[in-house]
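Step one of this worksheet: look at the structure below.
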Amino acid sequence: MTVQELPGAGASHRSTPPPAWRPRTDAAPLLPDPEPYRVLGTPAAEKLDAALMRRCYAELVRGRRYNAQATALTRQGRLAVYPSTVGQEACEIAAALVLEEQDWLFPSYRDTLAAVARGLDPVQALTLLRGDWHTGYDPREHRIAPLSTPLATQLPHAVGLAHAARLRGDDVVALAMVGDGGTSEGDFHEALNFAAVWQAPVVFLVQNNGFAISVPLAKQTAAPTLAHKAVGYGMPGRLVDGNDVAAMHEVLSEAVRRARAGGGPTLIEAVTYRIEAHTNADDATRYRGDAEVEAWKAHDPVELLERELTARGMLDEAGIQEAKDAAEVMAATLRDRMNAEPVLDPMDLFENVYAEQTGRLREQAEMLRAELDAEEQS
Amino acid sequence: MTVQELPGAGASHRSTPPPAWRPRTDAAPLLPDPEPYRVLGTPAAEKLDAALMRRCYAELVRGRRYNAQATALTRQGRLAVYPSTVGQEACEIAAALVLEEQDWLFPSYRDTLAAVARGLDPVQALTLLRGDWHTGYDPREHRIAPLSTPLATQLPHAVGLAHAARLRGDDVVALAMVGDGGTSEGDFHEALNFAAVWQAPVVFLVQNNGFAISVPLAKQTAAPTLAHKAVGYGMPGRLVDGNDVAAMHEVLSEAVRRARAGGGPTLIEAVTYRIEAHTNADDATRYRGDAEVEAWKAHDPVELLERELTARGMLDEAGIQEAKDAAEVMAATLRDRMNAEPVLDPMDLFENVYAEQTGRLREQAEMLRAELDAEEQS
Amino acid sequence: MTTVALKPATMAQALQRAMRDAMAEDPTVHVMGEDVGTLGGVFRITDGLAKEFGEERCTDTPLAEAGILGAAVGMAMYGLRPVVEMQFDAFAYPAFEQLISHVAKMRNRTRGAMPLPITIRVPYGGGIGGVEHHSDSSEAYYVATPGLHVVTPATVEDAYGLLRASIASDDPVIFLEPKRLYWSKAQWDPAAPAAVPGIGKALVRRTGTSATLITYGPSLPVCLEAAEAAREEGWDLEVVDLRSLVPFDEEAVVASVRRTGRAVVVHEANGFGGPGAEIVARIQEKCFHHLEAPVLRVTGFDIPYPPPMLEKHHLPGVDRILDTVARLQWEN
Amino acid sequence: MTTVALKPATMAQALQRAMRDAMAEDPTVHVMGEDVGTLGGVFRITDGLAKEFGEERCTDTPLAEAGILGAAVGMAMYGLRPVVEMQFDAFAYPAFEQLISHVAKMRNRTRGAMPLPITIRVPYGGGIGGVEHHSDSSEAYYVATPGLHVVTPATVEDAYGLLRASIASDDPVIFLEPKRLYWSKAQWDPAAPAAVPGIGKALVRRTGTSATLITYGPSLPVCLEAAEAAREEGWDLEVVDLRSLVPFDEEAVVASVRRTGRAVVVHEANGFGGPGAEIVARIQEKCFHHLEAPVLRVTGFDIPYPPPMLEKHHLPGVDRILDTVARLQWEN
Ligand SMILES: Cc1ncc(C[n+]2csc(CCOP(=O)(O)OP(=O)(O)O)c2C)c(N)n1
Ligand SMILES: Cc1ncc(C[n+]2csc(CCOP(=O)(O)OP(=O)(O)O)c2C)c(N)n1
Ligand SMILES: [Mg+2]
Ligand SMILES: [Mg+2]
């Protein structure tokens with residue numbers, strides 16, 4: 001006996017729910033694939049663009065060398081601190097390569113490599129980590145936002161900038177980078193929500209490198225994957241092998257294209273691994289075992305590409321050597337330039353607090369001036 | 001030609017991604033149904049528990065009357081402000097009824113009705129909105145957290161409390177209420193994430209009443225439904241007709257049971273509608289049309305249940321009258337009690353800032369004491 | 001000399017007009033916040049702007065203050081001039097990290113390359129019978145943060161002029177709107193609003209010789225009333241309206257106190273660690289040999305904001321100001 | 001009288017010990033924060049606690065400060081005594097709304113029914129060569145918020161004693177740990193730690209007659225050094241260590257300044273609107289007729305925290321303190 005057959009039970013006691021009820025979009029296309037998308041070592045590698053892949057390879061080799069050089073600089077006291085991206089170079093490089101000139105990159109504190117790969121002078125990129133001025137470059141010149149130390153706070157900036165560009169009718173996409181740990185912050189949530197509501201041309205790239213300092217992903221989230229977070233904002237989520245530069249390039253490019261075409265934001269989770277410690281100041285042996293690190297080393301982004309390209313005859317010994325040589329040149333130049341002690345003017349402390357110095361800053365500047373003069377004389 | 005067939009392309013250039021890759025849970029069971037769950041007016045109503053439904057009916061009628069009385073009190077100047085839940089009574093009542101004695105309710109500023117239905121003295125529940133002390137009751141006595149005005153901030157409290165109870169081995173579930181607008185706040189995100197990671201016994205009830213003051217849901221989110229947000233945290237999301245008290249009771253009970261059994265948190269989106277303005281101070285005609293309100297009035301939670309129970313012979317005229325009479329008694333008592341001007345002691349201002357009054361508070365208290373004495377004498 | 005038709009206008013109207021005129025003059029000015037569009041804001045300060053300039057210029061955002069301010073940062077990075085409304089004082093707190101770590105620091109950390117011309121409008125203070133979290137005087141947090149300007153009007157004319165100046169500023173400005181003065185009225189011609197003053201100049205609202213009352217925002221009318229009442233006691237009080245807490249017009253304050261030799265700072269915010277402390281500290285430093293008595297303060301008590309039924313005891317009132325003036329060691 | 005084996009211990013060790021002893025004595029004490037468990041915190045202050053008491057008592061949380069503090073509120077509502085670690089000063093800002101609107105107010109808004117015994121440990125201040133956002137002195141925000149205690153140790157012994165007292169307090173305590181003193185050492189016996197002082201009492205760390213230096217936390221060693229150096233100039237400086245900014249030990253400060261007649265307040269936080277302003281305001285009020293000179297301040301400049309290569313110019317140092325003492329109108 002169904003309710004319809006009940007005595008007195010007719011249309012009268014049922015009501016049609018108002019239309020606001022219907023889900024406004026279908027969730028299925030937003031869901032990521034169950035497995036990270038891969039190209040290298042799969043049939044999809046068939047269609048690799050040789051020129052692009054050789055460029056990626058050169059950048060990966062350079063990126064790896066950059067990481068090594070930066071870490072060496074910390075040991076020599078030339079850098080105060082360096083968060084390495086060894087193992088994550090495919091993410092960093094792909095992020096830089098998929099953007100057009102007019103697009104914007106919003107790096108986290110870890111992403112100096114992406115900034116460098118986008119064309120930023122490595123010395124300028126490392127200013128912050130050297131203990132020199134906070135931002136060593138003009139963000140507008142390279143369209144690279146300041147490296148963001150407060151986690152996830154750069155994400156709403158990317159949304160606002162992309163939204164503003166769209167309102168102005170400009171063809172600009174913003175790519176914002178964040179770590180797995182950063183996805184737990186409220187700012188991550190608010191940024192993705194704003195982006196989806198405004199259909200802003202933003203791509204959110206989460207580098208899931210397994211850890212937030214010492215905290216493993218399992219203590220960070222219970223989500224099936226971080227890419228699944230997309231569905232809650234009404235944007236597509238993509239899961240991709242972050243060590244596969246070909247896959248990274250393809251998935252990021254697609255998201256950038258979509259954003260550029262007015263299709264709105266995308267959330268991409270790149271599954272990768274931080275091979276080195278959190279920074280040179282960290283001791284990773286306190287929270288993870290060698291076996292895990294070794295397993296990931298066997299899935300190295302540089303080697304993955306090198307093997308694929310070699311196997312396909314797209315790269316030979318000479319090509320490898322050429323990339324390595326170029327990287328060595330970059331490293332040597334960087335080392336030399338970083339050896340020069342930067343010269344900072346203490347009086348700059350009072351500049352750029354406001355457009356115009358306030359009275360109290362003038363007073364304080366005078367005091368410091370007098371102190372410096374006195375020092376000089378003694 | 002697949003990659004395997006390439007000359008030189010063998011196992012050597014493919015690598016098995018490390019195990020941390022696999023999604024840790026299956027997303028499918030977390031996804032809400034595409035349509036809000038309903039019982040009233042559907043075949044599922046067959047199995048209604050008559051006693052429970054009569055109780056719900058009495059509470060709904062009382063709740064509707066309570067709303068009317070509270071709004072009347074604002075007109076008489078007895079309440080400073082009242083955020084009405086007319087149209088949302090099924091959510092409020094079900095939330096109160098599904099909890100055990102030892103469980104905790106975390107209401108938002110709108111949810112005085114849920115608190116009252118849980119057994120809180122309505123005068124105490126309304127203290128805040130009257131302009132009297134912020135929280136008119138001892139939260140521990142009824143296990144009802146203070147009404148939360150800063151949106152979504154109560155959600156992490158619910159998580160922490162539920163987590164603490166679980167650590168202590170106590171059988172306690174926390175039910176936290178929030179509006180559709182509140183889901184955009186960072187605190188919503190952080191609370192749900194903590195709950196899922198900790199597998200805390202919490203139930204999150206979002207009353208999607210279509211608006212955050214004047215802002216419609218379409219400007220708040222682009223998600224398929226708010227229930228879809230659950231998947232990003234790895235908890236199940238449920239979509240339910242918030243005007244169908246039977247459906248609400250069932251879905252909430254199930255989530256509470258699950259939490260109690262150690263199954264972790266659930267996110268429930270109750271689709272409902274705020275029939276009246278945001279508060280008595282708001283003018284809803286500025287942002288929505290009558291037609292929409294009328295459509296929702298035709299899907300009224302009290303009438304829906306009344307029709308169903310009447311049609312099924314579970315409720316007759318006498319039963320209806322009885323519920324109405326009881327509601328009138330409640331309303332009359334409330335009106336009378338709220339007519340009595342509360343007596344506040346200004347010297348209480350300095351109490352409970354700290355466990356012990358600090359020196360400066362003692363000074364300030366002395367000053368006020370002297371002022372009050374002087375006033376009295378003049 | 002033209003005759004202008006002065007009509008009674010409220011502070012709310014002057015604020016609305018300031019945004020309207022700024023938006024009309026400068027297409028990069030964008031207003032954003034919760035309920036600012038269709039509704040015109042819960043205080044109706046943005047009334048009509050969405051209609052006149054479109055929802056893209058006056059935007060109802062999702063309900064998330066950090067997101068709002070964070071998005072405004074990005075918009076400003078791209079060259080827009082966002083005017084953000086925080087619905088109430090306490091609801092600006094979720095945006096605190098964005099404010100402190102980015103908004104206040106961006107110009108400095110980019111060595112001037114990326115200034116952020118953002119105006120953050122915050123209705124603040126009590127006296128309107130609001131339930132908890134709706135009446136905070138949060139200025140101490142902003143004042144203690146280098147990189148922010150902190151501005152607060154006390155009159156209809158200043159509401160217009162200071163808001164225009166704030167929107168025109170290339171620096172971030174916390175624009176504190178005294179809620180309980182929203183409906184205060186003055187003769188003011190919206191068709192020919194007064195010239196826009198710069199930020200950072202205090203005004204002597206009443207000259208006097210016995211002592212100086214230093215105040216701002218919602219406490220200005222109270223101080224003026226107290227000054228009137230003080231005449232009966234034989235005191236001729238000067239009243240200084242700071243108008244901006246940062247930059248702080250030390251010159252104007254010091255000049256006044258050197259003249260009168262006595263001073264009382266009046267504000268609603270909690271006393272301990274409040275903005276008044278800084279003002280007192282500077283006065284005693286710069287006027288040490290001119291002071292006949294310690295500089296005193298009349299402020300909100302050092303308690304969380306009380307419920308509406310008790311707020312009158314918390315707020316600085318005429319009697320408490322006069323009692324304090326009486327303690328300025330007149331016998332010496 | 002027992003002989004105790006004094007060994008050199010660091011402030012970091014004393015803090016760790018304080019938590020360990022509190023956890024051993026009281027099962028309701030729970031430590032939580034980012035990286036506090038397995039890693040023992042980025043400064044290793046919670047080292048070994050997870051191992052000794054289990055991950056449920058010393059918990060690595062997800063990376064979300066508002067969530068951490070909000071969850072701690074709920075845990076405290078249920079009767080636990082959470083000790084929250086914020087990883088660095090500037091990373092406490094995301095939790096600001098929870099702190100101001102709930103933690104500070106809960107006891108008051110529930111009329112005493114629901115006190116929140118939460119200790120919020122915040123490593124603060126500069127001088128460690130940290131990149132931006134890692135060296136803020138954020139105490140002004142906390143000091144201006146009624147309902148919070150604000151405590152900061154300057155010695156190894158106080159690190160232990162004050163942290164124990166803070167954890168034992170039934171009120172929320174902002175426990176500010178001077179980062180650059182983490183590795184400072186003193187003779188201290190971890191097996192028989194000194195008796196736990198209550199919160200709210202300042203200490204005269206050095207007696208003197210010429211003038212009083214009032215300071216706290218990271219600036220105490222600098223002031224003591226300045227006082228030594230001042231002997232050469234013929235000044236005998238008294239040094240007061242506040243130890244807690246809230247409650248503020250006005251009696252101790254006033255007593256000292258009345259004795260010496262001159263005072264300088266020293267702290268790293270920005271001067272304008274900083275905690276020193278309040279201290280100056282109170283001294284001039286309570287010591288007016290004892291003061292030979294205005295009360296001066298040596299503080300961080302009113303700028304965002306500078307990059308490591310310039311921080312030495314920003315931080316109050318011995319010379320700047322002596323220059324300021326020299327300005328205390330000795331000729332009069
Ligand atoms: C708001 C905030 N909280 C805490 C920190 C301290 N902190 C710096 S890096 C880090 C871990 C970040 O992890 P993840 O987001 O996964 O990025 P990864 O370091 O792995 O690149 C933490 C906690 C911070 N920088 N900002
Ligand atoms: C953090 C915060 N921001 C803003 C407000 C102001 N405010 C009060 S109610 C409200 C709308 C809430 O909408 P929703 O969450 O949908 O709940 P509803 O009112 O519909 O029950 C707003 C913006 C607030 N209380 N808290
Ligand atoms: Mg990570
Ligand atoms: Mg709503």
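This one's a predicted model, so the numbers in the text were calculated from it and none came from an experiment. Every chain is numbered from 1 and lettered A, B, ... according to where its sequence line falls, protein lines coming before strand lines.
With a 4.5 angstrom heavy-atom cutoff, T59(C) touches chain A only via side-chain atoms. Interface remark: A355(A) contributes backbone and side-chain atoms alike to the contact with chain C (heavy atom separation under 4.5 Å). Of the two parts of R282(C), only the side chain, counted from C-beta on, holds a non-hydrogen atom closer than 4.5 Å to a non-hydrogen atom of chain A. Proximity to chain C is limited to the backbone of L349(A), based on heavy atoms less than 4.5 angstrom apart. For A72(C), no part lies under 4.5 angstrom from a heavy atom of chain A. The contact between E250(C) and chain A is made entirely by side chain atoms (from C-beta outward), counting heavy-atom distances below 4.5 Å. For I68(C), the parts lying near chain A are the backbone and the side chain together; criterion is any non-hydrogen pair under 4.5 Å.
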Derivation of the side chain to side chain donor-acceptor pair (under 3.5 Å) call for E238(C) and S256(C): CA-CA 8 Å; E238(C) 181 145 313; S256(C) 172; 2.8 Å; yes

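Ring centroid separation for the pair H30(C) and F53(C) does not come in under the 6.0 Å cut-off. Taking the centre of each ring, F91(C) and H133(C) stay at or above the 6.0 Å mark.
At a threshold of 4.5 Å between non-hydrogen side-chain atoms, the residues I268(A) and L252(A) count as touching. Within the 4.5 Å cutoff, side-chain heavy atoms of M77(C) are placed close to those of W104(A). For the pair L129(A) and L126(A), the minimum side-chain heavy-atom distance is below 4.5 Å. By the 4.5 Å heavy-atom criterion applied to side chains, W133(A) and L344(A) are counted as neighbours.
Defined by atom type and a distance below 3.5 Å, a donor-acceptor pair is present between the side-chain atoms of H189(A) and Y233(A). Donor-acceptor pairing under 3.5 Å is lacking for the side chains of S138(C) and D136(C). With hydrogens and angles left out, the side-chain atoms of T266(A) and R258(A) include a donor and acceptor closer than 3.5 Å. With 3.5 Å as the limit, one finds no donor-acceptor pair spanning the side chains of E65(C) and Y93(C).
With respect to the salt-bridge test (charged N to carboxylate O, under 4.0 angstrom), the residues R360(A) and E251(C) do not qualify. Comment: R362(A) does not engage E366(A) in a salt bridge, judged by the lack of any side-chain N to carboxylate O separation of less than 4.0 angstrom. A salt bridge is absent between D111(A) and R118(A): the closest approach of a Lys/Arg side-chain nitrogen to an acidic carboxylate oxygen does not fall below 4.0 angstrom.
D103(A) contributes a side-chain N or O that, together with a main-chain N or O of E100(A), makes up a donor-acceptor pair within less than 3.5 Å.
Listed by first and then second residue, the side chain to side chain donor-acceptor pair (under 3.5 Å) pairs involving residues 162-188 of chain A are Q102(A)-D171(A), D170(A)-Y78(C), D171(A)-R260(A), S184(A)-Q220(A), S184(A)-N193(B), D187(A)-Q98(C) (not counting sequence neighbours).
Interface with chain C: from residues 195-203 of chain A, residues V197(A), W198(A) qualify, criterion being any non-hydrogen pair under 4.5 Å. Residues of residues 99-112 of chain C lying under 4.5 angstrom from chain A, judged on non-hydrogen atoms, are S101(C), H102(C), M106(C), R107(C), N108(C), R109(C), T110(C), R111(C), G112(C) in numerical order. Among the residues in residues 138-161 of chain A, those with a non-hydrogen atom closer than 4.5 angstrom to a non-hydrogen atom of chain C are D138(A), P139(A), R140(A), A145(A), P146(A), L147(A), S148(A), P150(A), T153(A), P156(A), H157(A), G160(A), L161(A).
With T119(C) as the partner, the side chain to side chain contact (heavy atoms under 4.5 Å, CB included) test is satisfied by one option alone out of I167(C), D171(C), V29(C), I174(C): I167(C).
Heavy-atom pairs under 4.5 Å with chain C peak, among L128(A), L167(A), T135(A), at T135(A).
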